[in-house]
Structures are given as C-alpha cells and as structure tokens.
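The next block holds one structure in the form of structure tokens; read it before the comments.
Computed from a predicted structure; not experimentally measured. First the proteins, then the strands, lettered A, B, ... as listed; each starts at 1.
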Amino acid sequence: MSATRHIAIVGTGPAGGSAAARLLDAGWTVTAFDEQPRSGGNITRVRRDAPATALEQRLGDALICGAAVLGVTGDGRVTWREGATGAVREARFDAVVLACGAYDLHAPVPGTPAPGVTSAGALQALLKGHGAVPTGDVVVAGAGPFLYVAAAGLCRAGARVSAVIDRLGLWDYARLAPAGAAIPGNAVEFARDRTTLARHGVTVLRGRGAAAVENGRLRLDDGRRLAFDRLGLTDAFIAQSQLPRTAGCRLRWHAPGGYFVAETDEWGRSSVANVLVCGEGQGVRGWRHARVSGELAALALLGDAGKRIDTGRARRLLRWRALYARFGEALETRMRAREPVPPAAATVCACESVPLARVDEAVSLGLTDLSSIKVVTRCGMGPCQGRYCEPQVGRAIEQAGAVPRSALNQRTLTRPVGAGEFARGG
Amino acid sequence: MAVDCIVIGTGIIGSFTALALHERGLSVAVADRGGLAPGTSRSSDGNLLSSDKSGGVMLTLSERSLVLWSDFAARHGNHCEYDPKGSTVVARGADQAEALAEHVAGHQTAGVTCEFVDAGWERYEPHLGPDTSAIGHWPRDAQVQPMLACYQIARSLSEANVPYRFYDEITALEPGADAVTVRFANGDTWSAGHVVLATGVWSNELLEPLGLSVPVRPRKGHICVLERGDVEVNSKIADFGYNATAEDTSGDDAAVQTAAIIESTRSGTILCGSSREFAGFDRSVSTDTLRRVMADCIGIVPDLARLRVLRAYAGLRPFSPDGLPIIGPVDPDGRIVVATGHEGAGHGLAPVTGELVADLIAAGVTHPYDGALHPERFTV
C-alpha cells in the first residue's frame, strides 16, 4: 500500500504548487501541467524570462508548460496538446489533481462585447505573463476587492488607471469585515493597494456600477460617463470546472457564486476515485485557500495510499480551509447581491451572439438544465464551450425562480485542437 | 389528468409523433424525464438521407419522410435549419465506383432522384480528395438541426396548450381496462387511452416491469465538431463505405466500425462522423475512436485537416436486429405503442413515424407496411 505513485497535477498556481511540493517531499513522482509558458498560475505567475523558481527546479522535465490539458478520464488518463507542436499526447497516471484555478467574467453589460473591453483579469494576465502594459486611459470596473488588486498592479507597472468603479459600497465591505478580519494579511493587502491607488490619483467610486458601453464610453448606473482606452470589467469569478467534467466528476450549482462547481469533500476528493479537485476548483476563495487545499489534496492521496501523514498539520489545514471558505462565500454572496439584472437584449453568449431573450424563451418552456438550453439557443456551442455563458444562463434560470439542474457536459477536448494533429495522434 | 394520448420522450420521434396526434385532433400530453430531447436526438447529426438506404421498406419510408419534412418546414415555418442541400456519396477506386454506379441505378429504378457522376464532381464538392473515383449525388436529401425541430414542435404545441412535463421520472405504466396510467416519481399520475413510448434505446425500462420488451440495443456513435473555416462542404458527404456500416445488422459485439460522413451546419461548423459499436449504455467518448473518425473524414476531404476540432460527443442509436424500425402496439390491448429502432435514421424517419403512429391510434390502421415494422415480428 505504500509504494510510490505517479501523480499528474494540472495547474501550477498556489494549489497545484503546494500539492506538488508535498508529494515530492514524500518521494512520489509528479508530472505537472500548465497552460502558460511558465508555472505559477494567475496569482504567482512568473514572467517568461524570470529565473527558474524553486518548484520549477524541483520538477525539472516533469513540468510541462504551454500544454493545454484537453481531458482527463476516471482511470487516470490525461490527454494534452503540446504548446510548441500542437501534437496531442496522452499518458496514464495513478491519480490526477486538478488545480485549474478560476476565471473572471463580467455581467452582460449592454454594448459589450466592444473594442477595448476585456475582463480585468485579462489585463492583469497580459501584464503578469507578458509584461504588456496597456496604453491610454484604463478604467477598471465591476465588483469586489480584486478590482483594487488589478488596478494597483497596473499602476505599479506604469499604466494610467483613471478610475476604479466598484458595485460594492462601504456597507458591503462593513458586512464582510468580520469574516475578512479573521484572515491575517487580508486587510494589509487591501490597505496597500488602496494606498497605491491614492498615490496614483485614481478615482475610486464605490456603490456604482457599469450600466452600458456607448460610443466608446462607459456609462455608469448614476448616469455619469467615463472615457477609456481600455476597460477591464470583472463582476464575478468562476471556478474552472471543465476538466472535472471530462473526468465525469459530479457538479453542483453553487448559488453564492453563481456557477457550477465540482463536488468534493474537504480534502478535495471528487465523486470520481483518484481524481481530486483543489484550489479555486472547489469554489472561488482566493490564493490562501488554494495553497491550503492543494496540500490537503496531497495529504489525502498519501493517506489513502497508506502513508502516515501529520494529522495535527492536517487538522490545522482543515481549520484554515474552513475559514477561507467562509470568507470566500461571504464575498461571493455580496458580489452577487449587487449584480445587475441584464436587459433582455444583452448578449449572454459572445461566441454565438445569443441575446438573453432567447435564453428566457427556452426557460419559459420549462427547460432548466444547461444542456437543453445549449442545444436550442447555441449558448455554449462556441469556442469557449460555455465557460462564459453557462454562469449567465444559470442566472437567467434563477431569475425565473428555478435552480439550474445540471451543468453542460464536457466529455473531452476542453480546448480546440488541429484536426490533422488530432487524427495523427501522439 | 386524462388525455387521448400521452407521448413519452421529447426526442425527434416523440416530437413528431406528438405533433401528428395533435394535428389529428387528439388531446395529447408529453413527458420527458430529462430536458428537451435528452437522449439520442441531442447527440447526433441531422441526416435526412435516402442515399444510404439500399432499398425496400427503408427506402420507401425515407422517401415519404423527405416529403413530410419539406411539408413540415413549409407549413410550420423553417426554424430548424431544414436544408434540402442534397447528399454526395464518395467512391474511391474502380471497384467502389462500379458498386456505387449499381447502387445509383437501383435507386433510379425505384424512382429516387439521383445521379452517378464519374467526372467533374468538383461542381458539387470542390474539396474531395485526389483518390475520389466517382460520386453519387442525391439532390433531394436534406439536413436539419434536430434539436431545433424538437424545440419548434415543443413551442408550437405548448402554445396550443399541449402540456409538456420535463425532468419527472416516470416510475410505472399501469395498463387498465380503458386507459393506461402513467405514474411519476412524485406520485402524480396521468392517464390516457394510448401511451406512445418514444424512448429510443431506453424503451425497455418501462416495458420490462410489464413483462414486455422490444429487441432494441444501444449502438454507440461518435461525432467531432470542427470550427468554422474555409473548407466548403456543400452537401452531406459520405464515404460509400458508410452505407454498409449504417445497414449492417450483424450485431458484432467486439468491433468499432467507422466510416466517414461529413456535414456543414448553418452556423458554419462541420460535423464529422461516424462510428458504430455496441458498448452498452455508456456514452463516454473514446479519444481513439474520435481519432479514427477524424482520420476517415480527412481521407475523404483532406482539407479538413487544417481546421480545428472544437468538441466531440457520443450518442446511442436505437439498433433493431433486422435494421427496420419497431413501430406498433406491444401490449395485448394495444394501448402501449412503441416507436423506436430507427438506428441512425431517426431524424430522417421521424415525420413518417409520427404519421404511422397517428394512423394507428387515430384511425386504427394496425399493421402499417404489412407488419414489417410491427413489434410482433420478433415474437415467434
């Protein structure tokens, strides 16, 4: 029972990184995949030209960067597309840890999609991964503390951020304070980013939100109009759940955040044996939770294989995890409470240009599962495979007084692959 | 609630059956344990083909159904991407060309509009591979987006106050003296003079508790969806070998058969099939099978290699042992009518199936096509 095992870890952010480190400590073999050119994920992403991190040195050739993992099966097979060649490869592991993080999206604000408008997370990713500093006036709008993190990061890199518009008001933050205060470091980071914004003369409007993008300007819900060259909009964070879907993991609708999430126990075990989901994949709760849950997933694998684990440490990790989860859900609940209800003409699926009205029509027939709505509206049939529209469709179902029943199926191919390369195989 | 007829299943067969019964003036109610068409209709392409039928009853049904599809789009509005774009069957090598010529001649004799083309096929399909030796062309074959057809019918019947009930598992069919009671998981019941089981490969789940069954088996198929691109696919393109796999009734348990069939959709994506295998009710996709499917399609249309595969899925065709659908009453009183066993031809044969079931229930025509489709043919 205590033989070493070969574990695949998908994602090398705080969750995947801590899982990898813990498994390597125990003498197990790890192969880690990351879609980006370098490891680290969205939070601790390293620039292309930075020296190798400690984890990168430990993993060596067992770190496969630039690889899009296309699917995972319940029996431990991982299929991925190589970054350099586009070739599709496959290998089998004893277990798979999915640490794929989260992504941000914005409410279907009328006038979007529009030139110069992306998610705030996309602006941050371009900056961190490629050192790309947006030019001209940057406006960051949406809801929640991430806006300040993203805007402060852009300021420090030399971008001209003119305004941060936060749907959450002081009252919302007051409500969050008790849960947030329990997490050391949280308030410190928040204060530091606020200081950065003040020093760069960034206008901060709280309790205000984006109402529309019109003629290249942002109209706020109080009627104010702001000019921008780049607009970063983030209203919500969504847990990545594509790979758990390919593995056949059971998902549930997570109402506080408004998305489907893989069901796991507190250690990260999913409904499928030997497939674990950690980090933001358990629900969006920030990097501290990610780091703790990654280590817990590693401990679960070790413990399940009969290795002795430090139960005292595990207990402490579980306590921290619960604390972070509570704050994460409290924040999600506040953010969702401030989300505007989009007008019927708003585009919910940008890939296929589907207006909300068409989704409402399907819901009014009594359809409340995502796959049925997909096949009659095309929401989820485009290249993003529903990553962006599924949460919006879920919201439309909730608006009609129902609970979204079941998530979109994703059986394989989380990313497009060249047909020729695919047919040839790896 | 009591109605004349309850249709169970909202796939393409259930949808057209409900529509046909409603149009005969019967009161109809429709139930599905999932959402809209959650089974085979959702995991398929949209073939309405005569080109792949070798002859006999299937060709007769197919030709009738093509007319009914065209009528449907004309009478109800075309909200289902119905497109009589024709189909092209591709032969490679001299032997296949000869066999295809014979196949076309047979169809022409049976009165089907089609032609054999052994030169200049670029006018139909400009991207066929260099080893193409001849094509057959069926100009009246068509394509549809089946889910939109189910949706169109559901919306139109809902507006006419036909109840649609989704997501409620049916736990039992209870045949009585003058009605069948349908019991739902939450205890609700509906009753009707007739119940139509349009539940495809899952038909036996409700029949077996009554000591009844139909010999339908799930035959799995895979489809790859390619992104929009610059490869023009005008008609349905099928490898001549496709006909043989579609009509194969050997029921071989071990093999995965593949044969290329390619269609472009209204939205610009291209669907690539097909595979056939018996793998129980498992709907998971196999990368190996998808690769074979893709390689087959690239063999027929090499330029597909430069597009990207967006997604893939698998579905279960209702396979019937003799290759013919199973349509007719299964219980002694003739109150429970099945409509299944269409294998890969369900979309094509849906309107004619609706017509046959409505004939049976509304007019008492009990043995359509001399019993060739009657479930009794399997009970010796």
Worksheet, complete the sentence: Most contact-rich option vs chain A, by heavy-atom pairs under 4.5 angstrom, among Thr269(B), Asp288(B), Val225(B), Thr287(B), is Thr287(B)
Practice prompt. Determine, using ring centers only, whether Tyr259(A) and Trp253(A) are less than 6.0 Å apart.
Written response: no
Fill in: Glu352(A)/Arg358(A) ion pair, N-O < 4.0 Å
no
Worksheet entry | Portion of Ser364(A) that has a non-hydrogen atom of chain B nearer than 4.5 angstrom | neither
Worksheet item: Under the 3.5 angstrom rule, does the side chain of His347(B) hit a backbone N or O of Val144(B) as a donor-acceptor pair?
Response: no
Fill in: Side chain, backbone, both or neither of Ser371(A) within contact of chain B (heavy atoms, under 4.5 Å)
both
Fill in: Check: Ser286(B) side chain, Thr289(B) main-chain N or O, donor-acceptor pair, under 3.5 Å
yes
Response to the item:
Honestly, the part of Gln152(B) sitting under 4.5 Å from a heavy atom of chain A is neither
Worksheet item: Of the listed residues (Cys150(B), Ser267(B), Ser158(B), Cys224(B)), which shares the most heavy-atom pairs with chain A below a 4.5 Å separation?
Response: Ser267(B)
Item to complete: Could I get the full list of salt bridge (Lys or Arg N to Asp or Glu O under 4.0 Å) partners for Arg42(B), not counting sequence neighbours?
Response: Asp369(A)
Fill in: Option in Ser372(A), Gly248(A), Ala423(A) with maximal non-hydrogen atom pairs under 4.5 Å from chain B
Ser372(A)
Response to the item:
With chain B, the option among Asn409(A), Thr79(A), Thr368(A) that has the most non-hydrogen atom pairs under 4.5 Å is Thr368(A)
Worksheet item: Tell me the salt bridge (Lys or Arg N to Asp or Glu O under 4.0 Å) pairs involving residues 292-304 of chain B, sequence neighbours left out?
Response: Asp303(B)-Arg306(B)
Worksheet, complete the sentence: So, the part of Ala314(B) with a heavy atom under 4.5 Å from chain A: the answer is backbone
Worksheet item: Can any side-chain N or O of Ser41(B) pair as donor or acceptor with the backbone N or O of Ile12(B) at less than 3.5 Å?
Response: yes
Discussion item. For residues 71-99 of chain A, which residue pairs pass the ring pair (Phe, Tyr, Trp, His ring centres under 6.0 Å) check, not counting sequence neighbours?
Written reply: His6(A)-Phe93(A), Phe33(A)-Trp80(A)
Worksheet item: Under 3.5 Å, is there a donor-acceptor pair between the side chain of Arg219(B) and the main chain of Leu316(B)?
Response: no
Worksheet item: So which part of Ile298(B) gets closer than 4.5 Å to some heavy atom of chain A, the side chain, the backbone, both or neither?
Response: side chain
Fill in: Max heavy-atom pair count under 4.5 Å with chain B, selected residue of Pro416(A), Gly366(A), Gly418(A)
Pro416(A)
Fill in: Side-chain donor-acceptor contact under 3.5 Å, Gln410(A) with Thr246(A)
no
Practice prompt. For the pair Phe281(B) and Trp202(B), name the ring-plane relationship: parallel under 30°, tilted 30 to 60°, perpendicular over 60°.
Written response: tilted
Worksheet item: Between the side chains of Ser156(B) and His76(B), is a donor N or O closer than 3.5 angstrom to an acceptor N or O?
Response: no
Worksheet entry | Contact origin within Phe166(B) toward chain A - heavy atom pairs under 4.5 Å | side chain
Worksheet item: Side chain, backbone, both or neither: which part of Arg165(B) has an atom under 4.5 Å from a heavy atom of chain A?
Response: neither
Fill in: Residue-level interface, residues 384-393 of chain A with chain B, non-hydrogen cut-off under 4.5 Å
Gln385(A)
Item to complete: Apply side-chain contact (heavy atoms from CB on, under 4.5 Å) to Val78(A) and Val69(A), showing your working.
Response: CA-CA 7 Å; Val78(A) 175; Val69(A) 174; 3.8 Å; yes
Worksheet entry | Contact origin within Leu310(B) toward chain A - heavy atom pairs under 4.5 Å | both
Worksheet item: Heavy-atom distance under 4.5 Å to chain B: side chain of Arg77(A), backbone, both or neither?
Response: neither
